[in-house]
Protein chains: 2
Amino acid sequence: MADSPVSPLHIVRTQSLASLVADELERMILSGEIPPGTRLNEQALAARLGVSRGPVREAVRGLDRSGLVVTVVNQGSFVRQLSAEEAMDVYDLRVALTGYACERLAGRATPEQLGTLEDMVQGMESAADSDDAARYYALNLDFHSALMSMGGSSRAVRLYDDLGKELTLFRRRALVAPENMRESNAEHAAILHALAAGDAAAARMAGEAHIRGGKRRFATSTPPAGTEPAGKKRPGKAAARGEEEHVQDRDAPGEPTR
Amino acid sequence: MADSPVSPLHIVRTQSLASLVADELERMILSGEIPPGTRLNEQALAARLGVSRGPVREAVRGLDRSGLVVTVVNQGSFVRQLSAEEAMDVYDLRVALTGYACERLAGRATPEQLGTLEDMVQGMESAADSDDAARYYALNLDFHSALMSMGGSSRAVRLYDDLGKELTLFRRRALVAPENMRESNAEHAAILHALAAGDAAAARMAGEAHIRGGKRRFATSTPPAGTEPAGKKRPGKAAARGEEEHVQDRDAPGEPTR
DNA sequence: ATTCTGCAAACTGTTTACAGAGGACATTTT
DNA sequence: AAAATGTCCTCTGTAAACAGTTTGCAGAAT
């Protein structure tokens with residue numbers, strides 16, 4: 001009846017603590033607040049989030065399955081570290097996914113869908129003109145999400161997003177240089193053009209070329225070091241006191257088991 | 001020193017109970033022992049596996065993340081039910097992945113790798129000749145795994161396998177009709193031929209065509225009913241007594257939230 | 001006869017408690 | 001002085017207990 005179905009008593013338990021913890025943990029990891037290689041101290045995390053260790057363990061187990069976290073028995077869970085090669089492999093998978101979505105969409109894109117994409121490309125152009133990297137970044141995410149959603153399936157969208165999260169483990173932030181924005185958006189336009197023309201082969205090529213371009217743009221603008229130095233510091237006993245500390249990094253195993 | 005490195009005290013804790021439970025649960029689900037739509041009763045599962053509810057919850061949470069299980073707050077976790085459309089989408093994703101792996105492999109396949117694949121195709125041919133569906137099935141899995149591993153990355157292999165597990169949720173078992181074996185293996189040979197020729201485009205086409213063929217062979221040999229009837233039985237109270245019962249199905253929500 | 005209400009059992013979500021493993025530091029030994 | 005070793009302490013892994021919710025059934029009221 002009421003407009004807002006809020007229970008008068010306590011807030012309705014609409015989702016479990018474990019899922020909330022999982023979301024928060026994922027956010028912390030993807031934002032870099034907890035850098036790769038860091039050990040996830042269950043007790044500290046539980047205390048910081050105001051829950052017990054149970055939900056934290058469940059959340060970490062979920063992140064482990066989805067690839068953001070690596071667990072070593074009796075040693076704990078660590079934020080996954082992606083090697084440069086693995087990151088490139090992930091890019092390649094996104095190439096394949098994007099190409100496929102574009103190819104499928106070419107044959108059946110509705111004028112409405114094309115209009116939506118067109119608007120996004122326009123928006124990115126204006127963002128590039130005003131050097132608004134943040135806005136370009138957001139629109140770019142939307143564009144690719146829309147592409148996957150229209151051409152692929154919901155499963156494809158989730159896959160693409162998950163791969164993106166893994167990439168975020170490698171590159172701290174999407175480095176969008178001003179000149180890259182224009183180049184990138186030109187490729188967007190090429191995709192759109194092929195889609196509008198209904199040319200499946202061209203759309204696929206354009207989609208693949210775009211992600212490959214992103215991979216290249218990233219690879220050329222990143223430090224040439226093959227593997228990250230990672231945290232080598234050993235905090236000793238003091239850090240374990242945990243007064244304000246919520247995470248503690250030990251030796252930081254890169255990829256112990258997989 | 002000894003041949004079998006078994007600890008004299010208790011068996012070495014080489015992996016956690018939660019991971020063991022997760023493996024066992026996955027096996028149960030994929031084998032059909034716990035059919036889609038079934039609710040996973042934590043207490044019953046814990047009792048059956050001889051552990052407490054903690055590891056079971058962690059395992060279920062992991063399966064939820066990997067897509068085999070769907071969880072509803074305060075109602076429990078259910079084995080996921082794939083609709084026919086979703087299954088087709090998963091097939092399409094495998095088409096894309098396989099095509100991509102084949103394309104990449106074409107340029108750089110070593111004679112050794114080609115020999116390995118050749119042996120598998122030969123093995124499948126002999127299996128088809130003797131109508132040994134089980135052996136064909138196993139070799140087929142190996143062939144595709146090898147293809148992904150050689151042409152793609154370890155990430156691609158895992159992705160492909162995970163998608164395969166999801167498909168298993170839909171089709172109880174890979175139905176390999178005798179005539180299908182020959183058709184399927186002819187496509188394998190075509191892939192191999194293109195790979196040996198180093199023709200990337202042809203390899204991709206052949207790889208894609210093969211999975212599409214598998215999709216078609218499955219779609220034509222499956223009941224035309226769009227959605228599965230699923231378990232509609234309401235077991236009442238008797239089943240909940242749990243003397244030998246380890247699972248209990250209630251209303252079986254297909255895809256409550258995603 | 002049907003529907004609604006109230007009670008009870010079961011199950012999920014969460015917290016708390018306990019045992020074993022691993023690591024860091026101090027001491028001892030060579 | 002350097003290496004080895006012993007001890008303590010933290011943290012993970014697991015189990016058990018506790019609170020809240022949902023579900024099913026029985027009985028009452030219409």
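Proteins get letters first, then strands, A, B, ... in listed order; numbering begins at 1 in each.
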Please classify the nucleic acid contact of B:Gly54 as base, sugar-phosphate, or nothing, using heavy-atom distances under 4.0 Å.
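If one applies the 4.0 Å heavy-atom cut-off, B:Gly54 turns out to touch nothing in the nucleic acid.
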Whether B:Tyr160 and B:His144 hold their rings parallel, tilted or perpendicular, with breakpoints at 30° and 60°
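Parallel: the ring planes of B:Tyr160 and B:His144 meet at under 30°.
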OP1, OP2 of [N] versus side-chain N and O of [X]: anything below 4.0 Å?
X       : N      : answer
A:Arg39 : D:dC11 : no
A:Asn41 : D:dC11 : yes
B:Arg57 : C:dG13 : yes
B:Gln43 : C:dC11 : yes
A:Gln75 : D:dG13 : no

Which whole-number value in Å describes the distance from [X] [atom1] to [N] [atom2]?
X       : N      : atom1 : atom2 : answer
B:Leu20 : D:dG13 : CG    : C1'   : 12 Å
A:Leu40 : D:dT12 : CG    : P     : 9 Å
B:Asn74 : D:dT21 : CG    : C1'   : 5 Å
B:Leu17 : C:dA19 : CG    : C1'   : 13 Å
A:Leu49 : C:dT15 : CG    : P     : 11 Å

Which nucleotide in [options] has an atom nearest any side-chain atom of [X]:
X       : options                : result
A:Val73 : C:dT15, D:dG13, D:dT22 : D:dG13
A:Pro55 : D:dT21, C:dT14, D:dT14 : C:dT14
B:Glu42 : D:dT14, C:dT14, C:dG13 : C:dG13
B:Glu58 : D:dT12, D:dA15, D:dT14 : D:dT14

Could B:Asp64 and A:Arg65 be called an ion pair, given the rule that one side-chain N must be under 4.0 Å from one carboxylate O?
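The answer is no: the pair does not qualify as a salt bridge.
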Between the side chains of A:Glu86 and B:Arg155, is the shortest nitrogen-to-carboxylate-oxygen separation below 4.0 Å, so that they form an ion pair?
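Salt bridge absent between B:Arg155 and A:Glu86.
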B:Glu85-B:Ser83 side chain donor-acceptor pair, cut-off 3.5 Å:
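Yes, B:Ser83 and B:Glu85 have a side-chain donor paired with an acceptor closer than 3.5 Å.
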Between A:Ala18 and A:Arg53, who's closer to the 5' end of DNA chain C by nearest nucleotide?
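Its nucleotide being nearer the 5' end, the pick is A:Ala18.
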Residues in side-chain contact (heavy atoms from CB on, under 4.5 Å) with B:Arg212, at least two apart?
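B:Arg212: side-chain contact (heavy atoms from CB on, under 4.5 Å) contacts with B:Val95, B:Glu208.
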